Amino acid sequence: MRKKEKNKSVEPEIYEVPSNMKLKKRNAVMENTLIEARYSLTVEEQRIVLSTIAMLDNVETAPNGFPMLKIPKKLIIEVTGLHEKDYKVIKKSLERLMSRVITIETDKGFEIYQWFAKARYNKGDEYIEVQFHPDLKPYLLELKERFTKIPLKQILQLRSKYAIRLYELLKRYEDTGFRTDYLPELRKKLGVEDKEYTRFFDFEKRILKPAIKEINEKTDLEVSYTKKKTGRKITHIEFQFKLKNSSQGDTPQMPKSPSQTLVIQGQKKIPKQPDLWDTVLRILEYKYDANPKDIDLLKEYVYSVYKTDTKPKIMGLKTDVAVKEGIIKLRKILSKYWSKIEKIVEIETNGNYVPKLTKSFSLEND
């Protein structure tokens, strides 16, 4: 009897990217977990990665995972600025990308992924072939919610790798206009090495300010930031930003931070779903991966400041959905996330407010 042949590795399907593809009109669409991941790429590598992600638009329903993208070399030259005859530079860029990794934080630790599984380029060819690693399929192909669109038109104008990464992070919260980052985590997400610019003064001068300046000058965002301290040490950066032109042609006001909103409101009741509560829910959902159904219920409740408090605190305020069954269910959800809520509120208000519940919501109730 003939021996059975060993299974050969199956070659991926080939998707030929049109040479006339208008990359500047496309978006790189990524699941938010990937936006928040830690990785460090050069400007050329970031442009290649984001451009190839944008090329996946027509293959998002591919049943067998990622195809091998057959990319006209002229498109690579367009996004990187590399010279078409500089074979060594193109080869080096691809080699580096094959070794670059993405680190995603999880509740139990972290997971590490590669960007590409395969890359091919022969000197003299008019095409470069790359295939994303299959582990990235949930982050790049199976996108139903919790994703961010990064317009290549904006990215290709930036020349700083830090500006590109910061732009991506801000775009995730474009609908709210602010985000707060713990400084050590922000450094990692921007790709700053542990031993680089260890003093905040140097980090701000060499990385933060130049990145924001470039974003403000060259993209559709207008960004500012405030430094937040824990004790005497700067521990968080709060970004406020807006689109320079709204769809109606108006220029919207720069969104205020949650703490600024509370101070302006003074002793008055804060309207339903103020910035702070909305921020708390977003951080619970995206940073701590809270159950979307839990978040939907929590959205029916708000924090409010009451006139009777000598020192205003954020209070739980029930709405018309807070019938007895709703309160019991809410109590279980709040118990599940309360320690995280307290931590988020402390950071967002710089320790000025303490989250507190009405008696109806008391976690001690049965």
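Values in this document were obtained by computation on a predicted structure and should not be read as measured data.
The ring pair (Phe, Tyr, Trp, His ring centres under 6.0 Å) search around Tyr197 returns none, not counting sequence neighbours. Legend: residues meeting ring pair (Phe, Tyr, Trp, His ring centres under 6.0 Å) with His133, ordered by chain and number and at least two apart, are absent. Residues satisfying the ring pair (Phe, Tyr, Trp, His ring centres under 6.0 Å) criterion with Phe132, sequence neighbours excluded, are Phe66, Phe116. Take Glu174 and apply the salt bridge (Lys or Arg N to Asp or Glu O under 4.0 Å) test, not counting sequence neighbours, and it matches Lys171. With sequence neighbours excluded, no residue satisfies ring pair (Phe, Tyr, Trp, His ring centres under 6.0 Å) with Phe203. Every side chain to side chain contact (heavy atoms under 4.5 Å, CB included) that Lys153 has, sequence neighbours left out, goes to Lys24. Scored by the side chain to side chain contact (heavy atoms under 4.5 Å, CB included) test, Gln157 finds Gln154, Lys218 as partners (sequence neighbours excluded).
The two atoms that bring Asp125 and Lys73 nearest to each other are O-NZ, 3.3 Å, heavy atoms only. Nearest heavy-atom pair, Arg165 versus Lys189, reported as atom, atom and distance to 0.1 Å: NE-O, 2.9 Å. The shortest non-hydrogen separation linking Lys161 to Ser40 is NZ-OG, 3.8 Å. Across all non-hydrogen atoms, the minimal contact from Thr235 to Lys229 is OG1-C, 4.0 Å. Minimum interatomic distance between Ser160 and Val43 (heavy atoms only, all atoms of both residues): C-CG2, 3.8 Å. The shortest non-hydrogen separation linking Leu94 to Ile128 is CD1-CG2, 3.8 Å.
For the pair Asp294 (side chain) and Ile333 (backbone), a donor-acceptor distance under 3.5 Å is absent. Panel note: side chain Glu45, backbone Thr42; a donor-acceptor pair is recorded below 3.5 Å. The main-chain N or O of Lys293 is found under 3.5 Å from a side-chain atom of Asn291 such that the two form a donor-acceptor pair. Between the side chain of Gln114 and the backbone N or O of Met98 there is at least one donor-acceptor pair closer than 3.5 Å.
Hydrophobic clustering places Leu50 together with Ile104 (ILVMFWY residues linked when any side-chain heavy atoms are closer than 4.5 Å, directly or through intermediates). Ile164 is connected to Ile102 through a chain of hydrophobic side-chain contacts under 4.5 Å among Ile, Leu, Val, Met, Phe, Trp and Tyr, so both are in one cluster. When the side chains of ILVMFWY residues are joined at heavy-atom separations under 4.5 Å, either directly or via intervening members, Phe178 and Tyr182 end up in two distinct hydrophobic clusters. Residues Ile35 and Leu166 are members of one and the same hydrophobic cluster, defined by side-chain heavy-atom contacts under 4.5 angstrom among Ile, Leu, Val, Met, Phe, Trp and Tyr. Linking ILVMFWY residues whenever their side-chain heavy atoms come closer than 4.5 Å, directly or via other members, places Leu334 and Leu281 in the same cluster.
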Would you sort out whether Asn216 and Leu221 count as a side chain to side chain contact (heavy atoms under 4.5 Å, CB included), showing the intermediate values?
CA-CA 6 Å; Asn216 286 341; Leu221 293 184; 5.6 Å; no
Trace of the side chain to side chain contact (heavy atoms under 4.5 Å, CB included) decision for Val130 with Ile48:
CA-CA 10 Å; Val130 295; Ile48 290 173; 6.0 Å; no
What's the verdict on side chain to side chain contact (heavy atoms under 4.5 Å, CB included) for Met30 and Leu140, showing C-alpha distance, side-chain angles and the deciding distance?
CA-CA 5 Å; Met30 292 180 278; Leu140 296 178; 3.7 Å; yes
Starting from the C-alpha separation in whole Å, work towards a yes-or-no answer on side chain to side chain contact (heavy atoms under 4.5 Å, CB included) for Ile150 and Leu152.
CA-CA 6 Å; Ile150 308 297; Leu152 290 186; 5.8 Å; no
The test is salt bridge (Lys or Arg N to Asp or Glu O under 4.0 Å); show your working for Glu129 and Lys70 and say whether it passes.
CA-CA 5 Å; Glu129 295 178 282; Lys70 191 173 182 180; 5.5 Å; no
Assess whether salt bridge (Lys or Arg N to Asp or Glu O under 4.0 Å) is satisfied between Arg146 and Glu31, documenting all intermediate values.
CA-CA 6 Å; Arg146 303 186 192 181; Glu31 205 269 343; 5.5 Å; no
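The pair Lys244-Glu222 fails the salt-bridge criterion, with no side-chain N (NZ, NE, NH1 or NH2) lying under 4.0 Å from an Asp/Glu carboxylate O. Salt bridge absent: Arg159 and Glu214 never bring a charged side-chain N and a carboxylate O closer than 4.0 Å. Ion pair Glu217/Lys213 flagged as a salt bridge, since at least one NZ, NE, NH1 or NH2 atom sits closer than 4.0 Å to an Asp/Glu carboxylate oxygen. Look at Arg179 and Glu36 and you find a salt bridge, because one of the NZ, NE, NH1 or NH2 atoms lies within 4.0 Å of a carboxylate O, short of that distance. Electrostatic pairing of Asp135 and Lys137 does not count as a salt bridge here, judged by no charged N lying under 4.0 Å from a carboxylate O.
Between the side chains of Glu204 and Tyr225, at least one donor-acceptor pair of N or O atoms lies under 3.5 Å. Under the 3.5 Å distance criterion, with hydrogens and angles disregarded, a donor-acceptor pair is assigned to the side chains of Tyr167 and Asp220. For the residue pair Ser224 and Gln240, a side-chain donor N or O sits within less than 3.5 Å of a side-chain acceptor on the partner.
Within the 4.5 Å cutoff, side-chain heavy atoms of Lys227 are placed close to those of Ile237. Taking the side chain as every heavy atom from C-beta outward, Arg100 and Leu41 approach each other to under 4.5 Å. Tyr162 is listed as a side-chain neighbour of Val192, based on a closest heavy-atom distance under 4.5 Å. Contact check for Val280 versus Lys340: no side-chain heavy atoms found under the 4.5 Å cut-off. With contacts defined as side-chain heavy-atom distances shorter than 4.5 Å, the pair Leu186/Leu169 qualifies. By the 4.5 Å heavy-atom criterion applied to side chains, Tyr127 and Ile71 are not counted as neighbours.
If you take NZ on Lys336 and CG on Leu284, they are separated by 10.5 Å, rounding to the nearest 0.5 Å. The distance from atom CZ of Arg38 to atom CZ of Arg187, rounded to the nearest 0.5 Å, is 12.0 Å. With rounding to the nearest 0.5 angstrom, the CG atom of Leu170 is 8.5 Å from the OG1 atom of Thr219. Atom CD of Glu111 and atom OG1 of Thr33 lie 10.0 Å apart (nearest 0.5 Å).
Pairs of residues two or more places apart, or lying in two chains, that qualify as ring-ring contact (aromatic ring centres under 6.0 Å, His included) and include a residue from residues 29-50 are Tyr39-Trp115. Screening residues 191-200 for salt bridge (charged side-chain N to carboxylate O under 4.0 Å, His left out) gives Arg199-Asp202 as the qualifying pairs, with residues at least two apart or on separate chains. Sorted by first then second residue, the side chain to side chain donor-acceptor pair (under 3.5 Å) pairs that include residues 47-56, not counting sequence neighbours, number zero.
Within 6.0 Å of CZ on Arg96 lie more than 12 heavy atoms contributed by other residues, nucleotides or ligands.
Through direct or indirect side-chain contacts shorter than 4.5 Å among Ile, Leu, Val, Met, Phe, Trp and Tyr, Met68 is connected to Ile14. Hydrophobic cluster membership for Phe110: Val101, Ile112 (Ile, Leu, Val, Met, Phe, Trp, Tyr linked by side-chain heavy atoms under 4.5 Å, directly or transitively).
Using the six-membered ring where Trp is involved, Tyr113 and Tyr139 have ring planes that are perpendicular, over 60° apart on the 30 and 60° scheme.
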